[in-house]
Amino acid sequence: MFEYFDEGIILKKEPVGEADYRIHLYAKNFGKLAAKAKSAQKITSKLSAHLEPGNLIQARLIEKNGLQIIEALKISRLTAKISDLEKLDSLLAENQPDEALWEKLTGENIGWRGILKILGWDPDEAVCSSCHKKEINFFSVGSQNFLCSNCSLNFGSSDWLGFIDF
């Protein structure tokens, strides 16, 4: 049995069964992880309040029939929107730590332009995937394409990230 202790950002929380949660977190030294939090849905759970999306936590995890969070302590609350953290969860590969991404997520100015640049999709060099204009405003999580305002009207909004800082 292996034990890990690290800081992490809760990206997403999904109920599993009647009492457990599957927690998606971005750990400073391990990257994106998915871990089970046993009995965290119970009203008497001491873990539940610390495992809310958007929390920066210190966590102790063990590897026993998969990864499990056995202790967590909330350090602070991030300014990022929960919907943005869920979209980030879908973009990140598991077990790929990135110091620059960690600094961006825990810093004061969390913006999609900087995050996408760190992940390899540089908005400054991108063009609209439909009309090839340089003025882009949206990024598709599903297709991993950039679009301008005009071309984005042709698509549904369910998988689009609007750039706040454009």
Side-chain angles (χ1 to χ4, degrees), residues 6-16 20-37 40-41 48-59 66-67 69 72 74-166:
D6 201 3
E7 291 181 53
I9 299 166
I10 306 296
L11 301 173
K12 188 173 166 183
K13 176 169 88 169
E14 303 171 319
V16 176
D20 303 336
Y21 279 119
R22 166 105 16 237
I23 304 295
H24 298 251
L25 70 144
Y26 187 76
K28 182 178 184 176
N29 298 309
F30 300 105
K32 179 182 155 186
L33 302 171
K36 187 182 237 182
Q41 287 190 52
S48 186
H50 300 279
L51 299 177
E52 290 298 316
N55 285 349
L56 175 62
I57 64 166
Q58 285 186 335
L67 206 54
I69 298 176
K74 176 182 167 185
I75 300 170
S76 66
R77 179 92 180 145
L78 300 180
T79 58
K81 296 179 197 172
I82 293 172
S83 61
D84 285 346
L85 292 173
E86 288 179 356
K87 290 174 185 172
L88 179 62
D89 178 58
S90 66
L91 287 173
L92 294 174
E94 289 196 13
N95 303 319
Q96 299 294 318
D98 187 320
E99 188 175 327
L101 180 60
W102 177 261
E103 294 300 322
K104 184 72 172 168
L105 293 174
T106 56
E108 293 290 320
N109 186 14
I110 300 173
W112 275 110
R113 180 178 288 278
I115 290 171
L116 288 172
K117 189 171 187 170
I118 291 167
L119 294 176
W121 295 287
D122 189 353
D124 297 331
E125 302 296 325
V127 295
C128 176
S129 64
S130 292
C131 68
H132 305 290
K133 286 184 183 175
K134 186 78 174 144
E135 300 170 13
I136 55 162
N137 298 91
F138 296 95
F139 178 76
S140 168
V141 175
S143 67
Q144 300 177 355
N145 288 319
F146 290 96
L147 287 178
C148 66
S149 295
N150 291 334
C151 295
S152 69
L153 298 174
N154 298 330
F155 297 91
S157 62
S158 62
D159 70 332
W160 293 98
L161 294 175
F163 288 125
I164 299 167
D165 55 344
F166 265 38

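Predicted model only: the values in this text are computed from it and were never measured. Only this structure's heavy atoms are used, side chains among them; waters, hydrogens and symmetry mates stay out.
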Contact list for residues 113-134, test ring pair (Phe, Tyr, Trp, His ring centres under 6.0 Å), sequence neighbours left out: W121-F139

NZ on K12 to OH on Y21, rounded to 0.5 Å: 14.0 Å

Considering all heavy atoms, the nearest S130-L147 contact: OG-CD2, 3.7 Å

Derivation of the side-chain contact (heavy atoms from CB on, under 4.5 Å) call for E7 and L56: CA-CA 7 Å; E7 291 181 53; L56 175 62; 4.2 Å; yes

Side-chain donor or acceptor of N145 paired with backbone N/O of S140 under 3.5 Å: no

Exercise: identify the closest heavy-atom pair between R77 and N55: NH1-OD1, 3.1 Å

Residue that, paired with L25, satisfies side chain to side chain contact (heavy atoms under 4.5 Å, CB included) out of D6, I69, L11, I9: I69

Residue pair L101, L92: steps toward the side-chain contact (heavy atoms from CB on, under 4.5 Å) verdict: CA-CA 11 Å; L101 180 60; L92 294 174; 3.6 Å; yes

Heavy-atom pair of closest approach, residues I23 and A37: CG1-CB, 4.1 Å

Straight-line distance of Y26 OH to Q96 CD, nearest 0.5 Å: 8.5 Å

Distance-only polar pair, side chains of H24 and E14, donor-acceptor under 3.5 Å: yes

Gap between atom NZ of K87 and atom NZ of K81 - 0.5 Å precision: 8.0 Å

Considering all heavy atoms, the nearest Q58-I75 contact: CG-CD1, 3.3 Å

Value rounded to 0.5 Å, distance of CD1 in I115 from CG in D98: 11.0 Å

Minimal non-hydrogen separation, C148 against E135, with atom names: CB-O, 3.1 Å

Minimum-distance pair of heavy atoms, taken over all atoms of P97 and N29: CG-O, 3.7 Å

Sidechain-backbone polar pair: K32 side chain, D89 backbone, donor-acceptor under 3.5 Å: yes

Rounded distance [0.5 Å steps], OG in S149 versus CD1 in I136: 10.5 Å

W102 and I118: CA distance, side-chain angles, deciding distance, side-chain contact (heavy atoms from CB on, under 4.5 Å) verdict: CA-CA 10 Å; W102 177 261; I118 291 167; over 6 Å; no

Selection residues 118-128 - residue pairs positive for salt bridge (Lys or Arg N to Asp or Glu O under 4.0 Å), sequence neighbours left out: R113-D124, K117-D124

Test log, rule side-chain contact (heavy atoms from CB on, under 4.5 Å), inputs E86 and I82: CA-CA 6 Å; E86 288 179 356; I82 293 172; 4.1 Å; yes

Separation between CD of Q41 and CG of L51, rounded to the nearest 0.5 Å: 11.5 Å

